Amino acid sequence: MQAGKILLAFSTDLGIALWGDCKDIFSRLDGQQIHLCLTSPPYPLRKPRAYGNPPESEYVDFICSAMEPVIKNMAKSGSICLNLSNDIFLAGLPARSLYRERLVIALHDRLGLFKMDELIWHNPCKPPGPMEWASKTRQQLNVGWEPIYWFCLDPKECRSNNRRVLQPHTEKHLKFIEAGGVTQKRISSDGAYTVKEGSYSSPTPGRIPRNLLTFPHNCADQRAYKKAAKDLGVEAHGAGYPLSMSKFLIEFMTQKDDLVVDPMAGSFTTAKAAQELGRRWLACDVIYDYARGGAERFKNAPEFSLFI
C-alpha cells in the first residue's frame with residue numbers, strides 16, 4: 001500500500017472497511033464521534049508474525065501515535081479497549097517485560113486517558129507457553145490469559161452499563177432468593193462486612209459479570225473465516241480473538257447506533273460484532289489480504305458491497 005493512500009475495501013448498511021494505514025485514516029476523520037475503539041494491535045514480539053510488529057523499544061510510541069487521531073475523534077463518553085500480550089519476556093530471562101506498565105502510564109500522561117480496568121481475558125484454548133521458561137527450565141507457569149486494557153476520556157461520563165450484559169442467575173441462587181435470601185444476620189472479616197437478615201431476597205434481572213472474561217479464541221466463527229480466506233487464496237490473519245468476546249465488550253460499552261472502530265482490524269472481528277449488534281462501525285487494515293479476507297464475513301450483511 002502506497003503511503004497516504006486509502007481505498008474503500010467493502011461496506012454494509014452500518015459500516016465501512018478501509019484498506020490503508022490507520023493514522024492516515026483517523027487523522028482525516030471529521031465530524032464523526034467515536035464511542036468505542038476495540039482493537040488488538042500487533043504485539044512487540046521478538047520474532048514478528050507475518051503482519052510484522054514494532055520492537056518493544058518502540059512500542060509505546062507506536063501505540064500512542066496510532067491512538068492519538070482516534071482519541072481526537074472520541075466522544076466524551078467513549079472508551080478504548082486494547083488487547084495486549086502477556087507473553088513478552090526480557091531477552092534471555094524468565095522475567096516479564098514492563099512494556100504494558102510503561103504504555104498505560106504513557107497513555108495517561110501523553111493522551112489524557114483514564115484507566116478504567118485491566119480486564120482479564122482467560123483463553124482456555126491458549127497454547128502452552130512460554131516454552132523456554134515453563135516447559136524447559138520450569139521457572140514459570142503456562143500463560144492462560146491476556147489483558148484487555150480499558151481506558152476512557154471522562155470516567156464520570158463513560159457510556160458503559162453492566163445492565164446490558166447481565167448474566168442469568170444460577171438455579172441455586174434463584175432458589176435462595178425465593179427462600180427469602182439471608183436468614184440471619186452475619187458479620188465477617190473482623191466486622192468489615194455485615195449482612196442483614198433478608199438481604200438478597202429481592203428478584204433482579206441477572207447477575208453482574210466479573211472482570212474475568214472466559215472466551216476461547218478457537219471459535220466456530222474464526223474457523224469459518226480462516227476457511228473462507230483459504231478458499232479465496234488470501235492469507236488469513238493468524239491472531240484473531242473471539243466474536244463472542246467482542247460482542248460482550250461492545251454491548252457493555254456502547255448503545256445501538258453508536259460508532260465502534262478498529263484501527264488495526266486484522267480479521268475484522270470487532271466490525272462483525274458491531275454489525276450484528278446494530279452499531280455503526282469503521283475498521284481498517286494496511287494489509288490487502290486481511291481486508292479482502294475479512295470481507296467474506298460480511299457477504300450476508302444488508303447492503304454489502306465489495307470494492308477490492
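Heavy atoms only: backbone and side chains are in, while hydrogens, waters and symmetry mates are out. Just so you know, these numbers come straight off a predicted model, no measurement behind them.
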Legend entry - Tyr241/His217 aromatic ring centres below 6.0 Å: no
Inset, instruction - Examine distances only and state if a side-chain atom of Asn53 and a backbone atom of Pro44 form a donor-acceptor pair shorter than 3.5 Å. - result: no
Legend entry - Main-chain N/O of Ser135 paired to Arg138 side chain as donor or acceptor, under 3.5 Å: yes
Legend entry - Gln32 side chain to Arg280 side chain, donor-acceptor N/O pair below 3.5 angstrom: yes
Legend entry - Hydrophobic cluster of Ile208, others only, ordered by chain and residue number, side-chain cut-off 4.5 Å: Leu166
Inset, instruction - Determine the interplanar angle of the Phe248 and Phe252 rings, folded into 0 to 90°, and report it as parallel if under 30°, tilted if 30 to 60°, perpendicular if over 60°. - result: tilted
Inset, instruction - Report yes or no: do Gln222 and Thr269 form a side-chain donor-acceptor pair below 3.5 Å? - result: yes
Inset, instruction - Give a yes or no on whether Val165 and Leu277 share a hydrophobic cluster (residues Ile, Leu, Val, Met, Phe, Trp, Tyr; joining criterion: side-chain heavy atoms under 4.5 Å apart). - result: yes
Inset, instruction - Mind telling me whether Phe114 and His108 have parallel, tilted or perpendicular rings, with 30° and 60° as the class edges? - result: perpendicular
Inset, instruction - Kindly say whether Lys196 contributes a backbone atom to a donor-acceptor pair with the side chain of Arg186 at under 3.5 angstrom? - result: no
Legend entry - Polar contact flag, side-chain donor to acceptor under 3.5 angstrom, Asn161-Gln255: no
Inset, instruction - Decide whether Tyr43 and Asn83 meet the rule of one side-chain donor and one side-chain acceptor closer than 3.5 Å. - result: yes
Inset, instruction - Would you please say whether a donor-acceptor pair under 3.5 Å links the side chains of His35 and Ser79? - result: no
Inset, instruction - Taking atom CD of Glu235 as the centre, report whether more than 12 heavy atoms of other residues, nucleotides or ligands fall under 6.0 Å from it. - result: no
Legend entry - Passing option when Phe215 is tested against Lys247, His122, Met245 for side-chain contact (heavy atoms from CB on, under 4.5 Å): Met245
Inset, instruction - Answer yes or no: are there more than 12 heavy-atom neighbours, outside Glu101 itself, under 6.0 Å from its atom CD? - result: yes
Inset, instruction - Give a yes or no on whether the ring-centroid distance for Phe298 and Trp281 is below 6.0 angstrom. - result: yes
Inset, instruction - Classify the ring geometry between Tyr290 and His237 as parallel (under 30°), tilted (30 to 60°) or perpendicular (over 60°). - result: perpendicular
Legend entry - Pair Glu303, Ser11: side-chain N/O donor-acceptor within cut-off below 3.5 Å: no
Legend entry - Atom pair SG/CG of Cys284 and Leu8 - distance to nearest 0.5 Å: 12.0 Å
Inset, instruction - Tell me yes or no: between the side chains of Tyr59 and Arg102, is some donor less than 3.5 Å from an acceptor? - result: no
Legend entry - Backbone N/O of Pro168 and side chain of Arg207: donor-acceptor pair under 3.5 Å: yes
Inset, instruction - Using a cut-off of 6.0 Å, state whether more than 12 heavy atoms not belonging to Tyr200 lie near its atom OH. - result: no
